[in-house]
There are 4 protein chains.
Amino acid sequence: MIKQINTATGRPRSIEADQAILRATLDLLAEVGYQSISIEAIAARAGVGKTTIYRRYTSKEEIVADAIESLREDLPIPNTGNFWEDVDILTDYAAQKIDSPLGRQTLALIISTASSNPQFAQVYKTKYLKLRREAFTQVLERAKSRGEIEKDADIDLIIDILSGAIYYAVVFKPVTESIQVYIRRTMRVLFQGVSTS
Amino acid sequence: MIKQINTATGRPRSIEADQAILRATLDLLAEVGYQSISIEAIAARAGVGKTTIYRRYTSKEEIVADAIESLREDLPIPNTGNFWEDVDILTDYAAQKIDSPLGRQTLALIISTASSNPQFAQVYKTKYLKLRREAFTQVLERAKSRGEIEKDADIDLIIDILSGAIYYAVVFKPVTESIQVYIRRTMRVLFQGVSTS
Amino acid sequence: MIKQINTATGRPRSIEADQAILRATLDLLAEVGYQSISIEAIAARAGVGKTTIYRRYTSKEEIVADAIESLREDLPIPNTGNFWEDVDILTDYAAQKIDSPLGRQTLALIISTASSNPQFAQVYKTKYLKLRREAFTQVLERAKSRGEIEKDADIDLIIDILSGAIYYAVVFKPVTESIQVYIRRTMRVLFQGVSTS
Amino acid sequence: MIKQINTATGRPRSIEADQAILRATLDLLAEVGYQSISIEAIAARAGVGKTTIYRRYTSKEEIVADAIESLREDLPIPNTGNFWEDVDILTDYAAQKIDSPLGRQTLALIISTASSNPQFAQVYKTKYLKLRREAFTQVLERAKSRGEIEKDADIDLIIDILSGAIYYAVVFKPVTESIQVYIRRTMRVLFQGVSTS
DNA sequence: TGCTAATCGAGACGGTACGTCAAGTCTTAAG
DNA sequence: CTTAAGACTTGACGTACCGTCTCGATTAGCA
């Protein structure tokens, strides 16, 4: 994310500044929300000059994306030998992130930003979603190789559909049932279909 | 949407101004995108004072929502006797709306606003989505009664999943294939499933 | 000096703002000096937005020039019947203007701007200096007709020399003696000369 | 001018850097003018780090003064035995420097800078004017000892008046007659006076 | 010959001010 | 009353330089 053309000469970038910027960004995100964040406010809060930020990032989206990425945790890829068990573990993990007021808000913020800001969407996709997709892809590939799902199934499409269902629920479904249950119902449709054939 | 406290006295609101504002907004939406639209630009383009806009709307979202609503048309419910043909007609119609810069902008705006504004989400759902959902519901119910899809299939869920897939694509998928093709692929998975059972 | 393209439409320029800007500029001139004045500081001090200033002026020089011009007063031409008394009145008046921090700042600014800007020099000469020259010219002419100075004396040259001496002192002489005394010493040389002939 | 606390140990100052700084400063002076010169630009043009400049100078004025001083030439002090002949030689020399577009511009630049910048004024006075004043002082002292001018004549004042007249002409007089003629006319007034006594 | 110490270029640092843009409000004359 | 025009205050934008600082890499003279 960060511009890095450094050729070993000159004073090196300050790691304290790096961290102060991310810290301030996260604080402000929680306090005033993405729309109302200003780069000036981040600089002031971080105790850093504006140039120090502009040297690292070119837009607010980049800063926020980097701040979010800095929270990323390792995502263990389940491998129980059974497809549905693997899926349960993954969806439990995802649901647990979303199924809280803060989780919903965060995701809503991301969707809001991404939908009105293609650059942020791409950054978020490659920086944050990639890992999750890879985990899911591996679980699905293993199921495929075990013969549990069809050989020509479009794994990317399946993940897209599932992701879409989750995001749609966060935005448009009132909070009646747990996300987890909703995801399971969706998965069942995806795998068994609804036609009578 | 428009504030209407007019009490019949004084000079009446100018209908030319109304239309010029909506026209200018749609033009600018297509040209520069939602984020980059400024109310000042709308006023200038419409040949209208800023006051004239602020007297009618309180935010950019409102103006844009009104501009978009002004484009709404009636939605015929297909009934060919064959499920896939009906689906084709519906998705063709939806795809045709989305598959243009303005269409994508519009949907993105709606998702953005809805995700950070639950009230708007509900209003949009009942005011704009209801018609489309009813059309789809009727097509699916007829298919069910013809025995083309399973009796206990959750129709609401299917529509949710399909909607989610479309919204997800608009936000996160680069514009490579046509939306129409993408919707068809999604429908196929939804109806046939991917498991080998 | 002020940009004036006003075409009678729209809200008229605020006279309060005009005056607040000039007032703040003069205050800051006296407090921090020309070099250290920032437009931001003028705006803050005047309780006015920066745009309100930029709508009126295009540079710091313009603002300061206008502020100074706003101080211009009428200049009475002395006529005591005695040359040296008249001269005393005129030089007292001039010295009184220069012998203060603001006065020196002002004159220094004018010299600075004029020396790097011939147009400003001419404008200043015709708009501001003319009155003073005319006063001095009249006093000298009367002295000539009374036979106090030589018939073929070059009055313009005398004024030039005196002006030059004052300006030179403002720029290069440290503030040791009062300007008034310095002017008197200069006048004595000018009128009596230094040769032994 | 240059700070020199060097105690023989460590790497000595680079003479190439010294010269590159002066060279770059003179180039930029001619290209963009004093006001628009930035130390960063000098450093870049000279191919030198900013530290290397700040180690030598403490302000832009100092650098520019030093750059100008580096152009200084020797000034021969005339001694013909006749006062007016000596004066002619000195004023010819001065006029010759000023009586060209470049000469006028340079002097205007100096006046402009000096008048809005007392530090520069003092530096310029001691570094550049001193020699010229000394030459003139000597010529006047010799005339005094020969009895050509009065014993109690204030030589410093005479030089101030003459300098002021020249500077005033450069700034405010249109370029009609040659500087040389103007200086001679001024000298005549200074030595013979204008009173009829 | 290796040590010490000041220099070099490069460039990042926290700041200040720049001049521009748009926000939403207010004020005029004209209809 | 509303209208178009254009003023107003506010606040953030991204840029340019300021003068200071930290790097790794040179260069001398002294040991």
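Note on naming: letters A, B, ... go to the chains in the order of the sequence lines (proteins, then strands), and numbering restarts at 1 for each one.
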(message) Which nucleotide wins on minimum distance to the side chain of A:Thr52, given the candidates E:dC13, E:dT7, E:dA22?
(response)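 Of the candidates, E:dC13 comes closest.
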
(message) Can you tell me which nucleotide in F:dT15, E:dC26, F:dC18 comes closest to the side chain of A:Lys50?
(response)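 That would be F:dT15.
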
(request) On DNA chain F, check which nucleotide each of B:Val48 and A:Lys60 is closest to and give me the residue with the more 5' one. (result)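 Comparing both residues, the 5'-ward one is B:Val48.
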
(request) Let me know, please, whether D:Ser36 or A:Ser36 comes out on the 5' side of the other along DNA chain F by nearest nucleotide. (result)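 Whichever sits nearer the 5' end wins; that is A:Ser36.
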
(message) Could you tell me if the side chain of A:Arg56 sits less than 4.5 Å from the side chain of A:Arg13, heavy atoms only?
(response)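 Answer yes - side chains close enough.
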
Calculate the interatomic distance between [X] atom [atom1] and [N] atom [atom2]; express it in whole Å.
| X | N | atom1 | atom2 | answer |
| --- | --- | --- | --- | --- |
| A:Arg11 | E:dA10 | CZ | C1' | 12 Å |
| D:Ile42 | F:dC17 | CD1 | C1' | 12 Å |
| D:Ile15 | E:dC8 | CD1 | P | 11 Å |
| C:Arg55 | E:dT20 | CZ | P | 12 Å |
| A:Ile39 | F:dG11 | CD1 | C1' | 14 Å |
| D:Ile53 | F:dC17 | CD1 | C1' | 13 Å |
| D:Glu40 | F:dC18 | CD | P | 6 Å |
| A:Arg56 | E:dG11 | CZ | P | 15 Å |

(request) Supply the atom-to-atom distance A:Leu22 CG to A:Glu69 CD, rounded to the nearest 0.5 angstrom. (result)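 The distance works out to 9.5 Å.
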
(request) Quick one: pull up CD1 in B:Ile42 and NZ in B:Lys60 and give me the separation to the nearest 0.5 Å. (result)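 Output value for this atom pair is 8.0 Å.
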
(request) Find which nucleotide of DNA chain E each of B:Ser59 and A:Gly47 is nearest to by heavy atoms, and output the residue with the more 5' nucleotide. (result)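 Final value for this comparison: A:Gly47.
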
(request) Map D:Gly49 and B:Ser38 onto DNA chain E by nearest heavy atom, then report which one ends up closer to the 5' terminus. (result)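 Going by which nucleotide is closer to the 5' end, it is D:Gly49.
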
(message) Please give me the minimum heavy-atom distance between B:Glu61 and B:Tyr34, naming the atom from each residue.
(response)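 It is OE2-OH, 2.6 Å.
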
(message) On the side chain of D:Thr51, is there an atom forming a donor-acceptor pair with the base of E:dA10 - under 3.5 Å, no angle test?
(response)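 Yes.
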
(message) Test your reading of the model: is there a side-chain donor-acceptor pair from C:Thr52 to the backbone of C:Val48, 3.5 Å cut-off?
(response)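 It does not hold such a pair.
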
(message) Looking at C:Thr9, I'd like to know whether one of its side-chain N or O atoms comes within less than 4.0 Å of OP1 or OP2 on F:dG6.
(response)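 Checking F:dG6 against C:Thr9, a side-chain N or O does come within under 4.0 Å of OP1 or OP2.
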
